[in-house]
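Here is the structure we will look at, set down as structure tokens.
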Amino acid sequence: MGNRAVIAFVDDKGKKDKNSVGIYLHWNGGRDSIEGFLQAAKDYGLRSGSYGVARLTQIIANGLGGTLSLGVDQVKNLDCDNYDNGTYWVDQNFDIVDREFIDRAGFKEQQQYPLADFVKGLKEDNDQHFKSKH
């Protein structure tokens with residue numbers, strides 16, 4: 001049991017690529033958390049592509065802490081149909097552009113965390129790493 005999700009990225013033409021790198025979350029996979037992670041990425045001015053995916057993973061890991069519940073692999077190897085929040089497809093601007101594997105009876109989007117509060121908490125965990133040192 002968890003609150004699982006996969007964050008997958010479309011290419012620069014908006015095409016889904018299951019061979020690309022994605023992020024698996026065992027916890028904090030609700031839309032409110034995902035939107036918070038993506039907003040923090042935007043606020044820090046992350047660039048797209050593999051560097052952006054790496055740094056988004058860092059933001060999430062710093063926010064979650066610990067050593068479990070977060071993974072990175074090709075999307076095709078991740079638990080995309082996870083019976084929780086499915087897969088979020090994200091564009092180069094860190095916006096959710098599509099969802100997969102959430103078409104089931106009784107599904108309700110999680111809205112437990114107010115966006116501003118969630119992002120504030122993430123920034124408390126991440127500012128020391130993302131503030132410019134130059």
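Between Asp79 atom CG and Asp73 atom CG the span is 12.0 Å, to the nearest 0.5 Å. Taken to the nearest 0.5 Å, the CG atom of Asn82 stands 10.5 Å off from the CD1 atom of Ile102. With rounding to the nearest 0.5 Å, the separation of OG in Ser20 from CZ in Phe9 is 8.0 Å.
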task = Given ring pair (Phe, Tyr, Trp, His ring centres under 6.0 Å), test Phe118 with Phe37 step by step and report yes or no.
result = CA-CA 8 Å; Phe118 192 83; Phe37 297 138; 5.3 Å; yes
ask   = Can you check side-chain hydrogen bond (donor to acceptor under 3.5 Å, both in side chains) on Asn62 and Asn126, steps first, answer last?
value = CA-CA 6 Å; Asn62 290 341; Asn126 280 283; 2.7 Å; yes
ask   = Should Val75 and Cys80 be marked as a side-chain contact (heavy atoms from CB on, under 4.5 Å) after you check the CA-CA gap, both sets of side-chain angles, and the distance that decides it?
value = CA-CA 8 Å; Val75 174; Cys80 293; 3.7 Å; yes
query = Run the side-chain contact (heavy atoms from CB on, under 4.5 Å) check on Lys123 and Lys120 step by step: do they pass?
reply = CA-CA 5 Å; Lys123 288 184 175 182; Lys120 180 180 177 190; 5.9 Å; no
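Side-chain atoms of Phe130 and Ile59, non-hydrogen and from C-beta on, do get closer than 4.5 Å to each other. Side-chain contact between Leu56 and Tyr51 is absent, with no heavy atoms from C-beta onward closer than 4.5 Å. Counting heavy atoms from C-beta outward, Leu25 and Ile60 have side chains that approach closer than 4.5 Å. In this structure, the side chains of Val10 and Val90 stay at 4.5 Å or more apart for every pair of heavy atoms. Side-chain contact check for Lys42 versus Asp95: some heavy-atom pair is nearer than 4.5 Å. Annotation: side chain of Ile96 is in contact with side chain of Glu35 (closest heavy-atom distance under 4.5 Å). For the pair Ile23/Leu70, a side-chain contact is recorded, criterion being any heavy-atom separation below 4.5 Å from C-beta on. Within the 4.5 Å cutoff, the side chain of Arg4 has heavy atoms near those of the Tyr83 side chain.
Following chains of ILVMFWY side-chain contacts shorter than 4.5 Å, one cannot reach Trp89 starting from Leu46, and the two form parts of different hydrophobic clusters. Placement of Val53 and Val6 in two distinct hydrophobic clusters is found when ILVMFWY residues are connected by side-chain heavy-atom separations under 4.5 Å, directly or transitively. Under the 4.5 Å side-chain heavy-atom criterion for ILVMFWY residues, a single connected hydrophobic cluster contains both Phe94 and Val21. Residues Ile34 and Leu78 fall into different hydrophobic clusters, defined by Ile, Leu, Val, Met, Phe, Trp and Tyr side chains chained together at heavy-atom separations under 4.5 Å.
Closest heavy-atom contact between Asn85 and Ala5: CB-CB, 4.0 Å. Heavy-atom minimum distance, Asp125 versus His129: O-CD2, 3.7 Å. Of all heavy-atom pairs between Asp127 and Tyr44, the closest is OD1-OH, 2.6 Å. When every heavy atom of Leu122 is checked against every heavy atom of Ala40, the shortest pair comes out as CD1-CB, 4.1 Å.
In this structure a side-chain-to-backbone donor-acceptor pair under 3.5 Å is present from Asp32 to Gln112. Under the 3.5 Å distance criterion, the side-chain polar atoms of Ser33 are left unmatched by any main-chain donor or acceptor of Gly29.
For the 3.5 Å distance criterion, the side chains of Gln92 and Ser48 qualify, holding a donor opposite an acceptor. Between the side chains of Tyr24 and Asn77, not a single donor N or O lies within less than 3.5 Å of an accepting N or O. Between Asn19 and Lys76, the side chains place a donor N or O and an acceptor N or O closer than 3.5 Å (distance only, hydrogens not considered).
For the side-chain hydrogen bond (donor to acceptor under 3.5 Å, both in side chains) with Gln110, the qualifying choice from Asp84, Asn3, Asn28 is Asn3, the only one to do so.
In this structure, Arg31 fails the cation-pi test against Tyr88, since its NZ or CZ atom is not both closer than 6.0 Å to the six-membered ring centre and inside 45 degrees of the ring normal.
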